[in-house]
Amino acid sequence: MRVAVAAGAGGSALLCELREDGSPRDGLVHVNDLSTAVADYELAGPVRWVWASGVGLYPSLLQAGQRVARCHDVELAERLLLGRDGQVGGFASSLPPDRAARGTAQETLFDPADAAPPDLTGTLDALIAAHADQLRRIAADDHPARFGMLVAAESAGGLVAAEMSFAGLPWRTDVHDSLLAGLLGPRPPAVPAGGRPPRLAELAARIDEAFGGRRVNPDSPAQLIRAFAADGVRVPSTRFSVLRDVDHPAAPLLIEYKELARMHAAHGWAWMDSWVSGGRFRPEYVVGGVVSGRWASRGGGALQIPKVLRRAVVADPGWALVVADAAQLEPRVLAALAGDRAFAEAAASGDLYLALAGVFGGDRAKAKIALLSAMYGGAGGEAGQLLSVLRQRFPLASRYVEAAARAGQEGHVVRSVLGRTCPPPSAAWRAITEESGDPDSERDPGAGAASRARGRFTRNFVVQASAADWALVLLAGLRRRLALISLPDGDSGARLTPQASVPPQASVPPVAGVTRMAGPHLVFFQHDEVIVHCPESLVEPVVAAIGEAGEEAGRLVFGATPVRFPLTTAVVSCYGDAK
DNA sequence: GGTCGGGGCGCG
DNA sequence: AAAGCGCGCCCCGACC
């Protein structure tokens, strides 16, 4: 059953049960406490909540201790549908936003006395109409089952994202601090604006010396290029790959400085102060934030955490981290997409590149370069030669990516396996690449480059976006399975319990208002990798759930294929020990 | 005073 | 060894 919900003020809401086609079954029901109503429905039987936006509504439910099993997220679905139908831009919502949640600050700023009563009935009616319309548009797709699965998976992704933000990634600030101190020297008592920690200040001074006493800001590429030039060294840029080959005493110092400065600026003590609280790193995930369907994040750079900082991700006492990684996901996705039999059979093995090494004179590294070049559009170095080998031995796989590239170059859109569509070319791109009707006017000199760049984009899109489809279905299936794993006390499900009911924890002092999950739950997702935080006693069923979810995702997304999508799982107490 | 593009680099 | 794809965030410096 589907139930449409529009949240009102103070935890109240308006609900309406829907028929399968999305039309309202009976009248609207007003409830004073949405979380109680949700709990009743969830216990009564399978229900899919239909809401305007999970980002707006779900966090307040989680805060109230209530999770849901399934939803249809109208905002996320609309973006998929608009993309499919070639609309540019995001969801120009005709729906009034839900009153609840969208930041508590907003609500407290509101004075109920002088605010007009929200037209909740109108909001719910509009939501119901929008949802029914989406069901019709999904049914009208060339592949309605697949596109429907994409909408369901995207919606489930919205639930996972909110739950992961709520639960947070276990983060030991003491470990983080000692890592930083080891690299940068002890934390300065109060960092003045522009001030540097000891190790960085020392390096900056030595860089000045290396330039003969000239004062140079090592954070300024322009100043550095001028300083090198003054010493007779011409460098095109100051990136690592250039500095590595520069013969000047400042070069090695700069390489060291840049590495440490980045750690300090992007993931240093200020980052810790802003993003870690109560022993948890709580980023905001943006579902579908990348055109390919990958997630993006807002704040804290959650998807770019440096590998060295994984030491700070430590399970709570008595708990474990189960880290699972889809091995060589993208080439496997290409194998399944293209239906290239020889290629797919190679992808049935554990190490895809090794299985293909024989084709490239027994060299695994060459097999890897060939495949990455095929998926990314690279042609430099020996890639060209390896690609022609690939083309001979696996013509279907080669043709698949080349057809995608051609479509992009010609200005068409391409779709992932479940039907996520890439953006159409911009007006600027069309203007550059368009053949002019006037025979006297020259074609834009950048036309070829722009066309090829878009070809590389669409070539990569079909693979990256289909991999994202698979990962999203995996995530949804894993979330569902984790909720069914029984807790030792007989409870089931990833429940939310107040901090007070959890035994005191040495590493994570109780914090007022902080809640902890009681069962296995997802705490991290990064494109092809997930982390589950679970009680040590439940490691076994969690590992099994991950395997089953991976199996199921391959079957649901790609149907019958010999291609396997193996997940390597590591059970660790510290993320730094995985892999 | 703020905004914005580029350089650079972290992740997949 | 490097490059081909997708992002977010930092700093700088030009600009309004």
Side-chain angles (χ1 to χ4, degrees), chain A residues 193-194 196 200 216-226 235-245 254-255 257-268 270-271 274-275 283-310 325-331 333-334 365-366 368-384 386-387 401 404-405 408 414 416 420 422-423 449 452-468 470-471 524-530 575 579:
Chain A
R196 296 189 173 104
L200 279 179
V216 179
N217 179 355
D219 291 319
S220 167
Q223 287 186 32
L224 289 172
I225 287 172
R226 283 198 294 274
V235 290
S237 80
T238 61
R239 50 162 53 107
F240 171 73
S241 58
V242 170
L243 289 179
R244 197 186 38 206
D245 300 325
L254 274 170
I255 288 171
Y257 176 89
K258 279 165 166 288
E259 195 181 335
L260 297 180
R262 181 177 169 80
M263 179 65 70
H264 177 243
H267 295 282
W271 180 92
S274 310
W275 298 108
E284 188 181 343
Y285 298 92
V286 185
V287 175
V290 180
V291 288
S292 64
R294 282 182 171 187
W295 291 12
S297 67
R298 198 160 31 224
L303 304 182
Q304 298 97 240
I305 297 168
K307 288 184 174 176
V308 291
L309 284 193
R310 293 179 180 182
D325 183 298
Q328 305 155 343
L329 178 58
E330 295 195 352
V333 164
L334 173 56
K366 286 188 177 176
K368 183 174 179 178
I369 292 171
L371 274 172
L372 293 181
S373 301
M375 292 185 299
Y376 292 163
E382 62 178 337
L386 295 174
L387 278 176
V401 286
V414 294
S416 72
R420 192 185 302 266
C422 81
R452 285 190 298 276
R454 184 169 162 80
R456 288 193 300 274
F457 166 62
T458 50
R459 169 196 290 267
N460 181 249
F461 182 93
V462 293
V463 178
Q464 189 184 111
S466 299
W470 179 88
F524 195 57
F525 170 55
Q526 188 176 30
H527 313 314
D528 60 358
E529 181 180 4
V530 296
Y575 187 21
K579 273 203 267 204

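In the text below, chain A, chain B and the rest are named by the order of the sequence lines, each starting its count at 1. Atoms considered below: every heavy atom in the structure, side chains included; atoms not considered: hydrogens, waters and symmetry mates.
- Protein atom CZ of A:Phe240 is 14 Å distant from nucleotide atom C1' of B:dG10, rounded to whole Å.
- Base-pair partner of C:dC5: B:dG12 (Watson-Crick or G-U wobble, both distances under 3.5 Å).
- Using a 4.0 Å cut-off, no side-chain N or O of A:Ser373 falls inside it from OP1 or OP2 of C:dA3.
- The shortest side-chain heavy-atom distance between A:Pro236 and A:Val242 falls under the 4.5 Å cut-off.
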Can you give one letter per nucleotide of nucleotides 11-16 of chain C, 5' to 3': B if a protein heavy atom sits under 4.0 Å from the base, S if only from the sugar-phosphate, - if neither?
SSS---
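- Here the P atom of nucleotide C:dC9 and the CE atom of A:Met263 are 16 Å apart, to the nearest Å.
- Rounded to whole angstrom, the span from the CG atom of A:Leu334 across to the P atom of C:dC5 amounts to 17 Å.
- Although no hydrogens or angles enter the test, the distance criterion places no donor-acceptor pair under 3.5 Å between the side chain of A:Ser373 and the main chain of A:Gly377.
- For the pair A:Leu254 CG and B:dC9 C1', the computed distance is 15 Å after rounding to whole Å.
- In this structure, C:dG4 shows a glycosidic angle within 90 degrees of zero, which is the syn conformation.
- Across all strands, A:Arg452 comes closer than 4.0 Å to no nucleic acid atom at all (heavy-atom distances).
- Counting any heavy atom pair closer than 4.0 Å across all strands shown, A:Ser241 reaches no nucleic acid atom.
- With A:Arg459 contributing its side chain and A:Ala374 its backbone, the two residues share a donor-acceptor pair below 3.5 Å.
- The side-chain heavy atoms of A:Pro283 and A:Trp275, taken from C-beta on, include no pair separated by under 4.5 Å.
- Looking only at distances, a side-chain donor or acceptor of A:Ser220 sits under 3.5 Å from a matching main-chain atom of A:Gln223.
- In this structure, A:Leu309 atom CG and B:dC11 atom P are separated by 10 Å, rounded to whole Å.
- What separates CZ of A:Arg239 from P of B:dG6 is a distance of 14 Å, to the nearest Å.
- With a 4.5 Å cut-off on side-chain heavy atoms, A:Lys258 and A:Arg239 do not count as touching.
- The distance between atom CG of A:Leu303 and atom P of B:dG10, rounded to the nearest whole Å, is 16 Å.
- Map A:Asp245 and A:Glu330 each onto its nearest nucleotide of DNA chain C; the residue landing nearer the 5' end is A:Asp245.
- For A:Lys307, a side-chain nitrogen or oxygen approaches OP1 or OP2 of B:dG12 to under 4.0 Å.
- Below the 3.5 angstrom threshold, one finds a donor paired with an acceptor across the side chain of A:Glu382 and the base of C:dA1.
- Using modelled atom types, one side-chain atom of A:Thr458 and one backbone atom of A:Gly455 make a donor-acceptor pair closer than 3.5 Å.
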Scan the side chains in residues 294-303 of chain A for donor-acceptor partners under 3.5 Å anywhere in the protein, sequence neighbours excluded, and list what turns up.
| from | atom 1 | to | atom 2 | distance (Å) |
| --- | --- | --- | --- | --- |
| A:Arg294 | NH2 | A:Glu330 | OE2 | 3.3 |
| A:Ser297 | OG | A:Ala302 | N | 3.4 |
| A:Arg298 | NH2 | A:Glu284 | OE2 | 2.7 |

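- Counted by atom type alone, A:Arg262 and A:Tyr257 present zero donor-acceptor pairs between their side chains at under 3.5 Å.
- Among the atoms of the strands shown, none is found under 4.0 Å from any heavy atom of A:Phe461.
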Could you write out each protein N or O paired with an N or O of nucleotides 6-8 of chain C at a distance under 3.5 Å?
| from | atom 1 | to | atom 2 | distance (Å) |
| --- | --- | --- | --- | --- |
| C:dG6 | O4' | A:Gln464 | NE2 | 3.2 |
| C:dG8 | O4' | A:Gln304 | OE1 | 3.4 |
| C:dG8 | O4' | A:Gln304 | NE2 | 3.0 |
| C:dG8 | N2 | A:Arg262 | NH2 | 3.2 |

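- Nucleic acid contact for A:Ile369: base, since at least one base atom lies under 4.0 Å from a heavy atom of the residue.
- Taking atom CD1 of residue A:Ile255 and atom C1' of nucleotide B:dC9, one finds them 13 Å apart after rounding to whole Å.
- When side chains are defined from C-beta on, A:Leu371 does not count as touching A:Gln328, because their heavy atoms never get closer than 4.5 Å.
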